[in-house]
Amino acid sequence: ATARAPVSARADRLLEDVRILSADDMQGRLIGSEGGLKARAYIVERLAGIGIAPAIGDSFEHGFTVKRGGKDAIGANLIGVVPGTGGSDHALVLMAHYDHVGMRGGEIFNGADDNASGVATLLALAESLKRQAPGREYWNLYGPTETNVCTAYMLPDVAVPESRTEPYPIGVTCAHY
């Protein structure tokens, strides 16, 4: 077999994603906040622009509700897929959470290192994988902190094609900083 040349990420694009996701107008990306919705829309736009397909159904967004301060906060996990070329039923799951703590006492907690950088890294990986198709399937998951473990755990149940009768085997790599 011929070895593949490594595909590199564009540092300028990666830094731009971090800058945008950690900007003041994202208001710290708290789940259910205006800034959180804006971050979600930005990531969906980037995934579509890269050419990543929704992994389940026709939407990247898979909603959920969490309690915060006795009130419901509505969030969404974003799930995309880069199909593999090797015909394997194995998939590698790449994850990053896109939420942060939002605002407290009027101060914005931008979250460049928690976790705008992880999301930017995952977007760069998705872009590289899309340019050079991998041998196995890659699932790209972006979700709020509280649901990362749950999402990874539930993925085998969600991702099993109707034709499969056994659990869908996955490997997990987290880009969670």
Side-chain angles (χ1 to χ4, degrees), residues 4 6-10 13-22 26 29 31-32 35-64 74-100 111 114-164 167-177:
R4 294 178 180 204
V7 179
S8 64
R10 289 183 29 219
R13 179 74 252 186
L14 194 143
L15 291 172
E16 181 69 1
D17 285 336
V18 172
R19 187 194 64 72
I20 289 169
L21 288 167
S22 62
M26 293 289 180
R29 303 182 312 278
I31 295 173
L37 293 171
K38 189 172 183 174
R40 181 190 321 166
Y42 175 77
I43 297 165
V44 166
E45 181 180 307
R46 284 281 288 124
L47 288 169
I50 292 167
I52 303 299
I56 302 167
D58 60 357
S59 176
F60 291 109
E61 299 183 39
H62 298 275
F64 63 89
I74 304 208
N77 290 311
L78 307 175
I79 309 174
V81 65
V82 177
T85 60
S88 170
D89 1 346
H90 291 76
L92 179 64
V93 178
L94 305 172
M95 298 172 55
H97 70 92
Y98 66 89
D99 71 315
H100 192 52
D114 183 18
N115 193 32
S117 60
V119 172
T121 300
L122 211 55
L123 288 168
L125 284 169
E127 199 164 27
S128 292
L129 291 168
K130 186 64 180 169
R131 283 195 311 263
Q132 184 172 329
R136 66 174 53 199
E137 196 164 86
Y138 281 77
W139 287 64
N140 298 290
L141 304 176
Y142 304 84
T145 308
E146 297 94 315
T147 62
N148 266 354
V149 173
C150 182
T151 302
Y153 179 77
M154 292 175 13
L155 183 62
D157 295 331
V158 174
V160 175
E162 287 183 28
S163 61
R164 286 187 64 92
Y168 196 88
I170 63 170
V172 178
T173 299
C174 290
H176 179 100
Y177 298 107

Contacts of A39 meeting side-chain contact (heavy atoms from CB on, under 4.5 Å) (sequence neighbours excluded), chain-then-number -> L21, M26, R29, Y98
Closest non-hydrogen atom pair, [X] against [Y]:
| X | Y | value |
| --- | --- | --- |
| V18 | A120 | CG2-CB, 3.4 Å |
| S22 | G111 | CB-C, 4.3 Å |
| N115 | A96 | ND2-CB, 3.7 Å |
| L14 | A124 | CD1-CB, 3.7 Å |
| V82 | I52 | CG2-CD1, 3.4 Å |

Identify, with sequence neighbours excluded, every residue that meets side chain to side chain donor-acceptor pair (under 3.5 Å) alongside K38. D25
Residue list, side chain to side chain donor-acceptor pair (under 3.5 Å) with E16, at least two apart or on another chain: R19
Report yes or no: does H62 contribute a side-chain atom to a donor-acceptor pair with the main-chain N or O of N77 at less than 3.5 Å? no
Indicate yes or no for a side-chain donor-acceptor contact from K130 to the backbone of I50 under 3.5 Å, with no hydrogens or angles considered. no
So do the side chains of F60 and I79 get within less than 4.5 Å of each other, counting heavy atoms only? no
D17 side chain reached by V119 side chain, heavy atoms, under 4.5 Å: no
Could you measure the distance from the CG atom of D114 to the CG atom of D99? Nearest 0.5 Å is fine. 8.0 Å
Distance, nearest 0.5 Å, that separates CG of L78 from NE2 of H97: 13.5 Å
Applied to residues 48-61, the side-chain hydrogen bond (donor to acceptor under 3.5 Å, both in side chains) test, sequence neighbours excluded, yields R40-E61
